[in-house]
Amino acid sequence: MEEKKTPVYNSKAIEEKWQKRWADDKLYESNIDENKPKHYALTMLPYPSGNLHIGHWYSITPSDAHARYMRMKGYNVMFPMGFDAFGLPAENAAIKHNIHPASWTFSNIDHMRDQLKSMGSMFDWRREIISAKPEYYRWTQWFFLQLYKNGLAYQKFSPVDWCPTCNTTLAREQVWGDDRHCERCGTPVIKKDLNQWYFRITKYAEELLNFDGIDWPERVRTLQTNWIGRSEGAAVHFKLENGEDLEVFTTRPDTLWGVTFMVIAPEHPLVKEILSEGDNPEIAAYVDNAARSSEIERSSADREKTGVFSGRYAINPVNDKKIPIWISDYVLMGYGTGAIMAVPAHDQRDFEFARKFGLEVIVVVHPDGEELPDGATMTQAAAAHGTIVNSGPMTGVPGDVAFGKVCDWLEEKGIGHKTTTYRLRDWLVSRQRYWGAPIPIIHCPHCGAVPVPDDQLPVLLPDDVEWKPTGESPLKLHPTWKNVKCPICGANAERDTDTMDTFMCSSWYHLGYLSPYFETYPFDKKEYDYWMPVDVYTGGIEHATMHLIYTRFFHKACRDMGITKGDEPMLKLRNQGMVLGEDQQKMSKSRGNVVDPDALVARYGADTVRAYLMFFARWEMGAPWDSKGIEGSARWVRRVWTMFLEKSEKMNCADAETLRTLRRKVHQTIKAVTRDMEAFQFNTVVSGLMELLNDIGKAKTAGAMGSKEWDEAADIYLRMMAPVAPHITEEIWEQLGKPYSIHTQLWPEADAAAAQDDVVTYVVQVNGKLRDRVDLPVSVSDEEAKAEVLARPAVIAALEGKDPKKVIIVPKKLINIVK
RNA sequence: GCCGAAGUGGCGGAACUGGCAGACGCGCACGACUCAAAAUCGUGUACCUUGUGUAUGUGGGUUCGAUUCCCACCUUCGGCACCA
């Protein structure tokens, strides 16, 4: 038999060929085009750790496929990429290998950029930004100064985890073990108070709770709402014996008459005052110890309560009762005022504390429908909703109005007022590290904190720094860098030696892409007006509370300063889950379960790796890696190759029904795949295409190749597959003699008439159990369907001669007979 | 501990608005091709006590009908403010 061999699918050659061609033709460069609707697709930029791992591919590939889909839908799409290049790992590498963080970072970036290019993604590389470049961090510093000049940045003393041996601040990941010791030297960490910069994100707490006009996942909105943690309550002024004020925040002012003691955080100013007034070893020891616990430990509800009596008393302003003030670490300085009124009868934590230290318990709420609890004998805090008792003027007030009545009463008496508190804390931006954007402030003994003048930005990191193995910040140790003249008075002054939290760099990188390293402003306003806001933002769910709140805050603050427009930076957010190792554990070098994408690309080609990553798990869920499963995607990609390029033995001789069925399936698949693309359900995009390929294969066997239905199927199939597998589809497209490039074609539209089924299968149930299936024409009426079904032998048998009580008909789907 | 999410065959997953549980793929089995193997193609594949049978983490509830809604519990994963 004479045979014309189809060339073997060679992923490497094809991918190199098209990647070069696309770059040469500037196929993915995105420029302002007023004639097209714009689409700004943004995906979270990687940290240049050295190697792209499979998680990056998992995040980026579907984002790229969706951006390609939007382009085929007719949008002018921008899909940029960059590197979030400041951060701790570079500094660790510097200390460990005695290499400059910049050289470590930039060589990692060069490698990772090549890896990113191997994915065949539609990045516009002209728009790349690297946050560690002076041309970028110049504007990070400029933004800091804008926030400062507009009263949104301030300095405050606050504690950091500190290693006294290494003489350095430790990040949470550098503190190990239950005894909280330094990862480098094992010394137990201590807290150290440093004067640090904060951004006033709490000013925007209320607005950040509002998600109107943005399409963000419910779970992210919930996480952010809980993170911000709005509580309505009252501020109440207790008096100390010396007449000083001690303010507490309470969500339950209606229980004020049940207060039997107060608790203040170990960091509370009153504690410092007590310690400064004389030796108190017990309190000092307690405070030291509390400083060594993490906040997560301290806020654990099931932790054994500890505390120490302060020796002081306060006066409850509602009844002039003298109550003891205790110090305990279950009260956090960062929430409310760092002082609480304790109502042990109605709060479980207060109750445990009272029982442990033998403090009084007074019941002030009579829970509805229960016996009045006895403070002396109760074994847990009572429900706090019911009628108020034992509460002077408030006795007898029903629970549902007590809150409001007490607040009014407090305001009338001038001892308190209704207020709202948030769990959200201001954003601490100072880092005692080298590899970050220097805080552009000069500290002058006469003028205070003075902004570095705009024309002197950026404040460059000095290159000639020394790396101590202890991790001490080289900016502090540099002999000359910090010494400057005050820009206002000319006196000898010092630069701020701290750098900024890297979340500051990533709060505005979406603006950086608009016009990278623009010289006169952080971005070109023309580009801003065209591209912003971001239309789709994709990235990991782990960023739900921090980065994604910071960037919203940053945008709103900039809006109020006249820099940005609109209320939100990112209209639509979609998050992916995590790819675990084959052992179902988080991938990490130490576990040895890391999957290397380069090896997979070398073996299977980027198209197969892309297809598998989109197919093997629900994108927003993630899943463990399965190294065998990728074979299925490899087979699919190869089958597509032979399906459309290899001539069939039987050509153009299929019967009409085969062709009609083929066409129906093609148009049904357009509907399904389009719906799933819109919904970010990439696994069913690929499975839908696989299913269609199976049907195309049957049609090919039946002789459909060469028909106009076949040509339409091939054309539509390749266009739908192009976002998933951009290289192979471009190659087949070319070999079929179609016009370059497949990626500039339009997305196919389903023909509703062609997609219409001829028959529908009714599911027949008796009492909810499947008893039969009946194929009926689509045009059948409910009554006709019912008659057909009741005549079926299986139904007659199941009814056992009884009359149906009820027949439920779901049109075109199901008939359930209730007997 | 707190906040959030998820539990479906041997495995990853599918099931659109409460309506056929297991699409698609992996794996496995058998067959075709081959001297043979690989690759490819084809067929089959939830379970059992084979029947008006059981089954979507466990136990309850709502409903004609529940993987889907409600309640309680268990397990796993993400975040918890200096990893990014």
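Lettering follows sequence order; numbering is per chain, from 1.
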| task | In plain terms, say whether A/Glu631 and A/Arg603 are close enough for a salt bridge, that is, a side-chain N and a carboxylate O under 4.0 Å apart. | result | yes
| message | If you compare every side-chain N and O of A/Asn683 against the phosphate oxygens of B/rA14 (OP1, OP2), does one of them come in below 4.0 Å? | response | yes
| message | So if I take every side-chain heavy atom of A/Glu691 and compare against B/rC83, B/rA81, B/rC24, which nucleotide ends up nearest? | response | B/rC24
| said: Categorize A/Arg675 for me: base, sugar-phosphate, or nothing, with a 4.0 angstrom heavy-atom threshold over every strand shown. | reply: base
| query | What nucleic acid atoms does A/Ser506 come within less than 4.0 Å of, heavy atoms only: base, sugar-phosphate, or nothing? | reply | nothing
| said: Pair A/Arg221, A/Glu218 - check salt bridge (charged side-chain N to carboxylate O under 4.0 Å, His left out), show working. | reply: CA-CA 5 Å; A/Arg221 299 201 312 261; A/Glu218 174 77 38; 2.9 Å; yes
| request: Return the nucleotide paired to B/rC82: Watson-Crick means purine N1 to pyrimidine N3 with N6-O4 or O6-N4, wobble means G-U with N1-O2 and O6-N3, both under 3.5 Å. | output: none
| said: By nearest atom, which of the nucleotides B/rC64, B/rG25, B/rG12 is closest to the A/Phe616 side chain? | reply: B/rG12
| said: Under 4.0 Å, counting only non-hydrogen atoms across every strand here, what does A/Lys769 touch: a base, just sugar-phosphate, or nothing? | reply: sugar-phosphate
| query | When all nucleic acid strands are considered with a 4.0 Å heavy-atom cut-off, which category describes A/Val763: base, sugar-phosphate, or nothing? | reply | base
| query | Considering only B/rU40, B/rC64, B/rA81, which nucleotide approaches the side chain of A/Lys806 most closely? | reply | B/rC64
| request: Keeping the roles fixed (side chain from A/Thr551, backbone from A/Leu548), state whether a donor-acceptor pair exists under 3.5 Å. | output: no
| message | Quick check for you: among B/rA15, B/rG65, B/rC82, whose closest atom lies nearest to any side-chain atom of A/Asn816? | response | B/rG65
| query | When we call it a touch if two heavy atoms are under 4.0 Å apart, what does A/Leu88 touch: a base, just sugar-phosphate, or nothing? | reply | sugar-phosphate
| field | Closest heavy-atom pair and its distance - A/Ser293, A/Lys191 | value | O-NZ, 4.3 Å
| request: Among the candidates B/rA14, B/rG19, B/rA84, find the nucleotide nearest to the side-chain atoms of A/Arg618. | output: B/rA14
| field | Trace of the side chain to side chain donor-acceptor pair (under 3.5 Å) decision for A/Tyr47 with A/Asn108 | value | CA-CA 10 Å; A/Tyr47 176 80; A/Asn108 284 350; over 6 Å; no
| task | Tell me the partner of B/rG18, counting only Watson-Crick (N1-N3 plus N6-O4 or O6-N4) or G-U wobble (N1-O2 and O6-N3) with both under 3.5 Å; none if nothing fits. | result | none
| With both distances kept under 3.5 Å, what pairs with B/rC77, Watson-Crick or G-U wobble? | B/rG4
| said: Give me the distance, rounded to whole Å, that separates B/rG9 from B/rA46 when you measure between the C1' atoms they each carry. | reply: 4 Å
| said: Does A/Ala623 reach a base, just sugar-phosphate, or nothing at all? Heavy atoms under 4.0 Å. | reply: sugar-phosphate
| Given B/rA81, B/rA14, B/rC24, which nucleotide is nearest the side-chain atoms of A/Arg425? | B/rA81
| field | B/rU50 - base-pair partner by Watson-Crick or wobble geometry, distances under 3.5 Å | value | none
| request: Assign A/Trp636 to base, sugar-phosphate, or nothing according to its heavy-atom contacts below 4.0 angstrom with the strands shown. | output: nothing
| field | C1' gap between B/rG22 and B/rA55, integer Å | value | 11 Å
| Roughly how far apart, to the nearest Å, are B/rC70 and B/rU62 at atom P? | 15 Å
| field | salt bridge (charged side-chain N to carboxylate O under 4.0 Å, His left out) assessment of A/Lys156 paired with A/Asp426 | value | CA-CA 11 Å; A/Lys156 185 175 85 175; A/Asp426 275 339; 6.0 Å; no
| field | Between A/Asp676 and A/Thr684: side-chain donor-acceptor atoms closer than 3.5 Å | value | yes
| task | Mind checking A/Asp84 for me? I need base, sugar-phosphate or nothing, with any heavy atom below 4.0 Å counting as a touch. | result | sugar-phosphate
| Which whole number of Å gives the distance between the P atom of B/rG60 and that of B/rU54? | 15 Å
| Expressed as a whole number of Å, how far does the P atom of B/rA21 sit from that of B/rC16? | 13 Å
| task | Could you tell me whether A/Val160 contacts a base, only the sugar-phosphate backbone, or nothing, with contacts defined as non-hydrogen atoms closer than 4.0 Å? | result | base
| Of the nucleotides B/rG65, B/rC3, B/rC82, which has the atom closest to the A/Leu223 side chain? | B/rC3
| request: Kindly indicate, with the supporting measurements, whether the criterion ring-ring contact (aromatic ring centres under 6.0 Å, His included) is fulfilled by A/Phe616 and A/Trp625. | output: CA-CA 8 Å; A/Phe616 90 108; A/Trp625 181 254; 5.8 Å; yes
| Atom P, compared across B/rA6 and B/rA14: separation rounded to whole Å | 12 Å
| With both distances under 3.5 angstrom, what nucleotide forms a Watson-Crick or G-U wobble pair with B/rG31? | B/rC41
| Candidate nucleotides B/rC82, B/rG27, B/rC24, ranked by approach to the side chain of A/Phe615 - the nearest | B/rC24
| task | Look at all strands and tell whether A/Asn694 reaches a base, only sugar-phosphate, or nothing, counting heavy atoms closer than 4.0 Å. | result | sugar-phosphate
| said: Mind checking if A/Glu218 touches a base, just sugar-phosphate, or nothing, with heavy atoms under 4.0 Å? | reply: nothing
| request: Given ring-ring contact (aromatic ring centres under 6.0 Å, His included), test A/Phe351 with A/Phe353 step by step and report yes or no. | output: CA-CA 5 Å; A/Phe351 181 83; A/Phe353 194 86; over 10 Å; no
| field | B/rG18 and B/rG27, which share atom name C1', separated by this distance in whole Å | value | 34 Å
| query | If pairing requires Watson-Crick or G-U wobble contacts with both distances under 3.5 Å, which nucleotide is the partner of B/rA72? | reply | B/rU58
| field | Watson-Crick or G-U counterpart of B/rU67, or none if no pair lies under 3.5 Å | value | none
| message | Given B/rG78, B/rC20, B/rC64, identify the nucleotide with an atom nearest to the side chain of A/Ile808. | response | B/rC64
| task | Check the distance between B/rG51's P and A/Arg771's CZ and give it to me in whole angstrom. | result | 14 Å
| said: Does A/Leu580 reach a base, just sugar-phosphate, or nothing at all? Heavy atoms under 4.0 Å. | reply: nothing
| Do A/Arg773 and B/rC20 share a donor-acceptor pair, side chain to base, under 3.5 Å? | yes
| Just checking A/Gln765: base, sugar-phosphate only, or nothing, at a heavy-atom cut-off of under 4.0 Å? | base
| Can A/Glu542 and A/Lys586 be counted as an ion pair, charged N to O under 4.0 angstrom? | no
| field | Complementary nucleotide for B/rA23 - Watson-Crick or wobble, under 3.5 Å | value | none
| request: Check whether any side-chain N or O of A/Arg639 sits under 4.0 Å from OP1 or OP2 of B/rU40, and answer yes or no. | output: no
| Toward the 5' end of RNA chain B, which comes first, A/Thr545 or A/Arg219, by nearest nucleotide? | A/Arg219
| said: At 4.0 Å (heavy atoms only), tell me whether A/Gly622 reaches a base, stays on the sugar-phosphate, or touches nothing. | reply: sugar-phosphate
| task | Examine B/rC82: is either OP1 or OP2 under 4.0 Å from a nitrogen or oxygen in the side chain of A/Arg431? Give yes or no. | result | yes
| query | Think A/Asn226 has a side-chain N or O under 4.0 angstrom from the OP1 or OP2 of B/rG4? | reply | yes
| field | A/Glu620 CD to B/rG79 C1', straight-line distance once rounded to whole Å | value | 18 Å
| note | Between A/Lys628 and A/Lys586, whichever has its closest RNA chain B nucleotide further toward 5' is A/Lys628
| query | Distance check: side-chain N/O of A/Arg635 vs OP1/OP2 of B/rC26, anything under 4.0 Å? | reply | yes
| said: Side chain of A/Lys813, heavy atoms from C-beta onward: which of B/rG19, B/rU40, B/rA21 has the nearest atom to it? | reply: B/rG19
